[in-house]
Amino acid sequence: MNKKWVYLFKEGSASQKNLLGGKGANLSEMTNIGLPVPPGLTVTTEACTEFYKQGKKLTDEIISQIKDNLKMLEKQTEKKFGDVENPLLVSVRSGAAISMPGMMDTILNLGLNDNTVEGITKKTGNSRFAYDSYRRFIQMFSDVVLGIPKYKFDYALDDLKEKNGYKYDTELTTDDLKILVEEFKNIYKLETKSDFPLEPEKQLLMAVEAVFRSWNNARAITYRNLYDISHDIGTAVNVQSMVFGNMGDTSGTGVAFTRNPSTGENRVFGEFLINAQGEDVVAGIRTPLTIDKLNDVMPEIYDQFIESANNLEQHYRDMQDIEFTIEQGKLYLLQTRTGKRTAESSLRVAVEMVEEGLISKEEAVMRVDPKSLDQLLHPRFDPIEIKKSAPIANGLPASPGAATGKIFFTAEDAVAASEKGEATILVRKETSPEDIEGMNKARGILTSRGGMTSHAAVVARGMGKCCVAGCETIYVDEVKKIMSVGDDILKEGDYISLDGSTGNIYKGSINTVEPSLSGNFGKLMKWADEFRKLGIRTNADTPKDSETAVKFGAEGIGLCRTEHMFFKESRIFSVRKMIVSDSIVQREKALEEILPMQKNDFKEIFKIMGPRPVTIRLLDPPLHEFIPTNEEDIAELSKDMNIPISKLKDLIHSLHEFNPMLGHRGCRLAITYPEIARMQARAIIEAAIEVSKEENITIVPEIMVPLVGKKEELNILRKLIMETAEKVKEEKNSKLEYLIGTMIEIPRACVTADEIAEVADFYSFGTNDLTQMTFGYSRDDAGKFISAYREVGILEQDPFQSIDQAGVGKLVDMAVTLGKKAKSHLHMGVCGEHGGDPASIEFFHKTGLDYVSCSPFRVPVARLAAAQAALNNKI
Ligand code: PEP
Ligand code: MG
C-alpha cells in the first residue's frame, strides 16, 4: 500500500501531532468529538520532508493524494472547486508539531477566480463582498506564495481611491473592485511573467509548496536555532473549507464564551449577527444580538451550539471562547480557545468546576493567578465610568485598588479634611514617617518620587491603601499646594482618581465599587491551604492591620515594625525628648513615658493574634527621621527640655547623616542606645505575660534584632534582651518563653549565617535591604533608573518587587544552608516585600524557608502562590 501523505480531518487524531502538526491534530480532535468543524484535510509533515528530499518538488503520489482527498472534501461539503453555482473555497495554513512563528501566513478564500467569484455573488447576494474577497485573495496569494511585495498592490488601491476622491476602502463600489481585480492580476503578471493561476487546483498546489518552502525561510530557521527545534521535522499544511455567514437570513456569525467571562456565571455568554461575516462583529458597525436571541430565530442551531459549547468545555475542561458561523442553516465552529476572564470569573469558574466534578482541587488552585486576587480585595473603578476616562499620567502601581478624592499636599491638611468627612488623596513628592497619619486618613496616596519599596509604597501596601508612587511626569509643589501635569495645574481641593493596580492617574472623580468576597474565595483559599508547605505570616504593626491579616488567613506576624508606633501624635513628643536627651537619666525618663504606650500597642496586637506567633522588631530607622523639622515643633521641644533653641538645632544637625540607610540605624542604634532596646524588650515581655494571663493562652513572643552583620552584634543584644526579659519574668513571677532572632538583610550576615546561627533562635530575611545592599541600588532612588535598566535588558524585572534569584536569591540560599548546618531547627522566614510576590514565593518554597510574611492584603495572594509553588514542585 502506498504511504499516506494526506489525511482528512476526520481520519486524524490528537495523538498524531508529529505527523499532522499541532493545528492539524487539534482540528482532527475537534472533528472526532463530534463538533461541527468546517471539513478539511492535512498534508503531513512527512510530505514536507519528502518535498525537500525531492529537491523541493511535490511527488506525483503526494499530488494525486491531495487531489483525491479534495474530491472527498467536495463530497463532504457538497461544494465543488471551481464551480460557478456552488464553489468550494478553502483556507491554507502551515502547522508544525511545535507552534512556530516566522512561517507562512494564512491564505483565505483560495479557489476564487473569475467564475467562482460570481458563484459567491449569487450565494451571498453581495457582489461587493465577492469582489472585495477576490482582490484580497489575489494580493494575499501573490504576497504569501510568490513574495510579491504588498505595497505594489496598496499603491494601486491608493491610486484608485485618490482618482475617485475616496477616503476609506469602504467607499469602493463593486465596479471599482472589479477594476482593482484586473489591475492586481496585471501586477502579478508583471512580476512573475505569467498569468495569475485561475484553476483552484493549481492555486492549491502552489500554496502547499509555498508552505513547505516557508519551513526553511530565514525567520523560521533562526527561530528553530534559538529554541533548539530540529530542522528535520517539517511542517504540515492544513486545508480547510471556508464558510460564510453572509449568505442570507439563515446565515450568521458570532462569538461566545461557555461561561460569563466577567462574573463566571455558568451560562453561555456571547453575541451574534445574522447575515454577517466575522469582521462585522469585531468592527462594531452593526449591533450584535445576545446569544439567547439565537434561540428565537434559529432554535435548532441554538440547541446544537449550546450542546457543542458544553462538549467543548467538558473536553478541554476549561471555559472556552468559541467563534462560530452559520452558513445557510448549518452551524460551524471555527475556533475554540481557553477564554480570558476577570479575577472574579476565574475564581468562580475554578471553584464551580471542582463542584461539578470537572476538575480537581489541585487544578482549581493552579488556575487562578494569585496576583489577580488583588483585584478582588480592593475597591476598583466603576467599569463603565473608567472606560470613558483617559489617564493624565502614569506612575508605579505601588499598592492596588482605586481611590478618588480631593487632593491635599500635607499630611495635616489631609487629616483635617478627612476628619471633616472629605474623601482625600495625599499628594507628596515623597512621604516620610511623619506623614503616617495623613496616609492613614487619605483614600489614596500619590508621590512623584520613589520606587516600589519607597516609604509610600511599603506603608500603603501595609495599609491596603491605593498608592501610585514615583510618577515622575507630575510636578508637586507642597509649599504652593499645587501639582502640574504638562500644562494642567491642579490645586488643593481639586479631584483626582488613582488606580494603584495600573499606576494610572485621572483628573476628576470616578466612582469606585467595593469588593465582594463571595464564598468561592474562601473555598479556594481553603484548598490552597491544604497544598501549601510554606507558612503565611503578615507584616503588621497596628491592631487594624493585624485584624485584617487574620481575616485574610495570616498565621502570625512575621514583622511588626515598632517605629510606626513612635509616630503617633500623642507620643512623637516623648520620642523626640528621648532622642535629644543629653544624659542617660533624661533619656530613661523619656523612655518611661513611651514604655506604657508601646506595651499597650503590643498587648492589643497579642490579643488579636492570640496564640499565633508574633515577631516584633526593635527600632530600625535612623533617629533623625523622628526629629522635628519645623520651627514650631523645635521651639516646643526646646521649651519642654529646657535646651536653648540654638543648641537643639546643633543637636539636630549632628544627627544628620550623609547616607542614613547605611548609617546609624538597626542594631547599631540598640548598641549605642541600649536603653531603647531595654525599654522595648520590657514592653514586649510585659505585654506578652499580661495577655497570656488575661486571655489564658500561651504566647511565645519573638524579639527580632534588625541589620545584624556580625555575630557579636546579636550576641551583645541577645544578652541585653535576656537580662531585661528575665528581670521582668521575675517581677511578674512568670515562666514565659520567648525567642530572640535576627533579620538577615546584610550580605555579610548571609555569608556568615553559620556563625550568627549560634546566637539566634530564628532568621527573617529582610530582602528589601538585602536587595539594596547586594545590588548597591538605593531603595528610595532606584525608581529613577530601574525602568531604563529593564528597557535595555539589564534587568528582567524590578529586583525590589521580585527576588533576583541569581544574586540576592543565591545569598538567601547560602544563608539557609549555612544556618541549618549550624542549627538544624533554626526557624526561617522572609519579611521583605518579596514575601508577597508569587515568583519569589516559589523561590522561597524551593529554598526551604518555613514561612513568608507580607502585607495583610497580600496574604491571600501568598497563600495561593505558596500552594502553586508546592504543586509545581511536587517530587
Ligand atoms: C527588609 O529590609 O526587607 C525589611 C523587611 O525591613 P525594612 O523594609 O523595614 O527595612
Ligand atoms: Mg530592612
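None of these values were measured; they are calculated from a predicted model. By convention here, the first residue in the shown sequence is residue 1. Atoms within a ligand are numbered from 1 in the order they appear, just like the ligands themselves.
Looking at Asp850 and Arg537, no side-chain N of the basic residue comes within less than 4.0 Å of a carboxylate O on the acidic one, giving no salt bridge. Under the 4.0 Å criterion applied to side-chain N and carboxylate O atoms, Glu547 and Lys551 are not assigned as salt-bridge partners. Using a cut-off of 4.0 Å between Lys/Arg side-chain N and Asp/Glu carboxylate O, Arg779 and Glu833 are scored as not salt-bridged. A salt bridge links Arg617 with Glu563: the distance from a Lys NZ or Arg NE/NH1/NH2 to an Asp or Glu carboxylate oxygen falls below 4.0 Å. A salt bridge links Lys599 with Glu690: at least one charged nitrogen is closer than 4.0 Å to a carboxylate oxygen.
Contacts between Asn768 and ligand 1 below 4.0 angstrom, taking non-hydrogen atoms only, involve backbone and side chain alike. The part of Leu559 lying near ligand 1 is the side chain, judged by heavy-atom distances below 4.0 Å. At a heavy-atom distance under 4.0 Å, only side-chain atoms of Asp620, from C-beta outward, approach ligand 1.
Shown in contact with Thr767 at under 4.0 Å from a heavy atom are these atoms of ligand 1, numbered in order with element: 3 (O). The Glu745 neighbourhood of ligand 1 comprises atoms 1 (C), 2 (O), 6 (O), with distances under 4.0 Å to a heavy atom of that residue. Each of the following atoms of ligand 1 lies closer than 4.0 Å to a heavy atom of Gly766: 1 (C), 2 (O), 3 (O).
Heavy atoms of Arg617 come nearer than 4.0 angstrom to ligand 1 in at least one pair. Residue contact annotation: His834 has no non-hydrogen atom under 4.0 Å from ligand 1.
Regarding atom 5 (C) of ligand 1, its nearest protein heavy-atom neighbour is Cys831 O, 3.5 Å.
Centroid-to-centroid, the aromatic rings of Tyr851 and Phe844 stay 6.0 Å apart or farther.
With Lys465 contributing its side chain and Met439 its backbone, the two residues share a donor-acceptor pair below 3.5 Å. For the pair Glu745 (side chain) and Leu707 (backbone), a donor-acceptor distance under 3.5 Å is present.
Look at Glu745 and the Mg ion (ligand 2): an N/O/S atom of the residue is under 2.8 Å from the metal.
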So Arg790 and Asp798, salt bridge (charged side-chain N to carboxylate O under 4.0 Å, His left out) or not? Walk me through it. CA-CA 8 Å; Arg790 291 182 62 180; Asp798 181 345; over 6 Å; no
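For atom 4 (C) of ligand 1, the candidate residues are His564, Arg779, Met743, Arg665; the nearest heavy-atom contact is made by Met743.
Within Asp769, the N, O or S atom at minimum distance from the Mg ion (ligand 2) carries the name OD2.
In terms of N/O distances under 3.5 Å, ligand 1 is approached by Arg561.
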